[in-house]
Chemist: 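The structure follows.
Just so you know, these numbers use all the heavy atoms, side chains as well, and skip hydrogens, waters and symmetry mates.
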Amino acid sequence: MKVTLVHVGDFKEDYLRAAEREYVKRLGGYCNFRTVCVKEEQSLSREAEKILPLLPARGVKIALCVEGREYTSEEFAAVLDNARQSASEICFVIGSSCGLDESVKAACGHRVSFSRMTFPHQLMRIIFEEQLYRAFTIISGKTYHK
């Protein structure tokens with residue numbers, strides 16, 4: 001299973017890089033996980049011009065955005081499991097601190113919100129990667145979840 005995270009902007013802090021390395025390592029046991037960084041631009045539409053060509057033609061595309069549906073960890077695991085069964089590739093997208101352009105959201109078949117709270121978009125990458133790892137452990141029946 002190929003899982004890609006397209007994100008706008010990169011880490012500035014070493015501790016975030018270290019956290020991401022840890023989750024990328026953990027995810028390696030469950031999927032072929034990679035991140036693709038898009039440079040932050042002056043407008044969401046310019047970012048969208050860079051994001052849209054990165055979305056797979058086939059596969060499940062999920063935008064992480066405030067308008068998305070909120071899930072429990074178990075529900076998110078079910079979304080991931082359904083996506084795994086219907087496609088060999090899943091692509092998640094996290095926008096900049098200003099969000100995602102509507103064209104990107106429209107190109108994604110699903111929208112997920114992790115909370116109605118606002119998180120720094122860089123920290124959201126780590127939260128997402130942890131929840132992705134948690135979802136895979138739930139699907140696999142591992143004890144990490146509890």
Side-chain angles (χ1 to χ4, degrees), residues 1-13 15-28 30-140 144-145:
M1 158 108 306
K2 182 177 176 183
V3 179
T4 301
L5 171 62
V6 176
H7 60 86
V8 179
D10 213 351
F11 294 133
K12 295 178 177 81
E13 297 85 0
Y15 68 92
L16 292 172
R17 282 188 201 91
E20 182 170 65
R21 277 192 304 273
E22 177 62 26
Y23 284 110
V24 168
K25 181 176 81 174
R26 291 181 185 196
L27 285 164
Y30 296 99
C31 65
N32 178 2
F33 180 75
R34 71 182 182 115
T35 64
V36 178
C37 181
V38 171
K39 185 177 180 280
E40 205 164 347
E41 296 289 342
Q42 295 295 324
S43 71
L44 294 180
S45 61
R46 297 225 22 218
E47 291 172 358
E49 290 172 2
K50 294 181 175 184
I51 294 170
L52 289 170
L54 298 172
L55 300 179
R58 297 177 190 232
V60 176
K61 298 173 275 293
I62 300 174
L64 302 183
C65 55
V66 70
E67 307 90 347
R69 180 172 169 203
E70 291 183 30
Y71 294 95
T72 65
S73 293
E74 294 87 353
E75 291 168 340
F76 182 66
V79 168
L80 179 64
D81 198 31
N82 287 337
R84 279 185 342 148
Q85 292 175 29
S86 67
S88 61
E89 183 173 2
I90 305 172
C91 182
F92 294 90
V93 184
I94 297 176
S96 68
S97 58
C98 296
L100 284 170
D101 189 76
E102 285 301 321
S103 64
V104 175
K105 294 177 198 176
C108 293
H110 304 284
R111 296 179 188 189
V112 172
S113 173
F114 275 63
S115 173
R116 292 184 302 186
M117 293 182 186
T118 303
F119 296 105
H121 69 285
Q122 293 181 352
L123 183 56
M124 190 60 228
R125 273 173 56 195
I126 303 304
I127 294 169
F128 164 74
E129 290 162 352
E130 190 282 333
Q131 284 298 302
L132 183 64
Y133 174 70
R134 183 178 299 271
F136 275 117
T137 64
I138 290 169
I139 293 165
S140 301
Y144 172 82
H145 174 57

Chemist: Around atom CD of Q85, are there more than 12 heavy atoms of other residues, nucleotides or ligands at under 6.0 Å?
Modeler: yes
Chemist: With rounding to the nearest 0.5 Å, note down the distance linking CD in E41 to SG in C98.
Modeler: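 Between E41 CD and C98 SG, I get 12.0 Å after rounding to 0.5 Å.
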Chemist: Mind checking whether L52 and V104 have side chains closer than 4.5 Å, heavy atoms only?
Modeler: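 Result yes, sub-4.5 Å side-chain heavy-atom pair found.
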Chemist: Are any of the side-chain nitrogens in K105 or E102 under 4.0 Å away from the carboxylate oxygens of its partner?
Modeler: yes
Chemist: Between E22 and K25, does at least one N-O distance fall below 4.0 Å, as a salt bridge requires?
Modeler: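 So E22 pairs with K25 through a salt bridge.
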Chemist: What is the distance from atom CD1 of I94 to atom CG of L100, rounded to the nearest 0.5 Å?
Modeler: 9.0 Å
Chemist: More than 12 non-hydrogen atoms from neighbouring residues, nucleotides or ligands closer than 6.0 Å to CZ on R46, yes or no?
Modeler: no
Chemist: Counting N and O atoms only, with roles assigned by atom type, does the side chain of R111 sit under 3.5 Å from a partner on the main chain of C65, one being a donor and the other an acceptor?
Modeler: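 Checking the backbone N and O of C65 against the side chain of R111, no donor-acceptor pair under 3.5 Å is found.
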Chemist: Do the non-hydrogen side-chain atoms of V38 and L54 ever get within less than 4.5 Å of each other?
Modeler: yes
Chemist: Are L16 and E20 close enough that some pair of their side-chain heavy atoms sits under 4.5 Å apart?
Modeler: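 Counting from C-beta outward, L16 and E20 never come under 4.5 Å.
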Chemist: Do you know which two heavy atoms are closest between P56 and K61, and how far apart they sit?
Modeler: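 The answer is O-NZ, 3.1 Å.
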Chemist: Would you please classify the geometry between the Y23 ring and the Y133 ring as parallel, tilted or perpendicular, with 30° and 60° separating the classes?
Modeler: tilted
Chemist: Answer yes or no: is there a side-chain heavy-atom contact under 4.5 Å between Y15 and I126?
Modeler: no
Chemist: Nearest 0.5 Å please: distance from the CG atom of L55 over to the CD1 atom of I62.
Modeler: 11.5 Å
Chemist: When rounded to the nearest 0.5 angstrom, what distance separates OG in S113 from CD in E70?
Modeler: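 If we round to the nearest 0.5 Å, S113:OG and E70:CD are 4.5 Å apart.
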Chemist: Which heavy atom in S73 sits nearest to a heavy atom in Q131, and how many Å separate them?
Modeler: OG-OE1, 2.8 Å
Chemist: Can H110 and R69 be said to form a side-chain contact (heavy atoms from CB on, under 4.5 Å), step by step?
Modeler: CA-CA 9 Å; H110 304 284; R69 180 172 169 203; over 6 Å; no
Chemist: Hey, is K50 close enough to D101 for a salt bridge, meaning N to O under 4.0 Å?
Modeler: no
Chemist: Can you find a heavy atom in the side chain of F92 that is under 4.5 Å from one in the side chain of L132?
Modeler: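 They are in side-chain contact.
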Chemist: Any donor-acceptor pair under 3.5 Å linking the side chain of Q122 with the backbone of D10?
Modeler: yes
Chemist: What's the shortest heavy-atom distance between G95 and V8, and which atoms?
Modeler: C-CB, 3.8 Å
Chemist: Is there a side-chain contact between F76 and F128, using heavy atoms and a 4.5 Å cut-off?
Modeler: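 Counting from C-beta outward, F76 and F128 do come under 4.5 Å.
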Chemist: Are side-chain heavy atoms of L5 and E129 found at a separation under 4.5 Å?
Modeler: yes
Chemist: Taking atom CZ of R125 and atom NE2 of H7, what is their separation to the nearest 0.5 Å?
Modeler: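 The distance works out to 3.5 Å.
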Chemist: Which value, rounded to the nearest 0.5 Å, describes the distance between F119 atom CZ and I127 atom CD1?
Modeler: 4.5 Å
Chemist: Would you indicate whether the side-chain heavy atoms of E40 and E47 approach each other to under 4.5 Å?
Modeler: yes
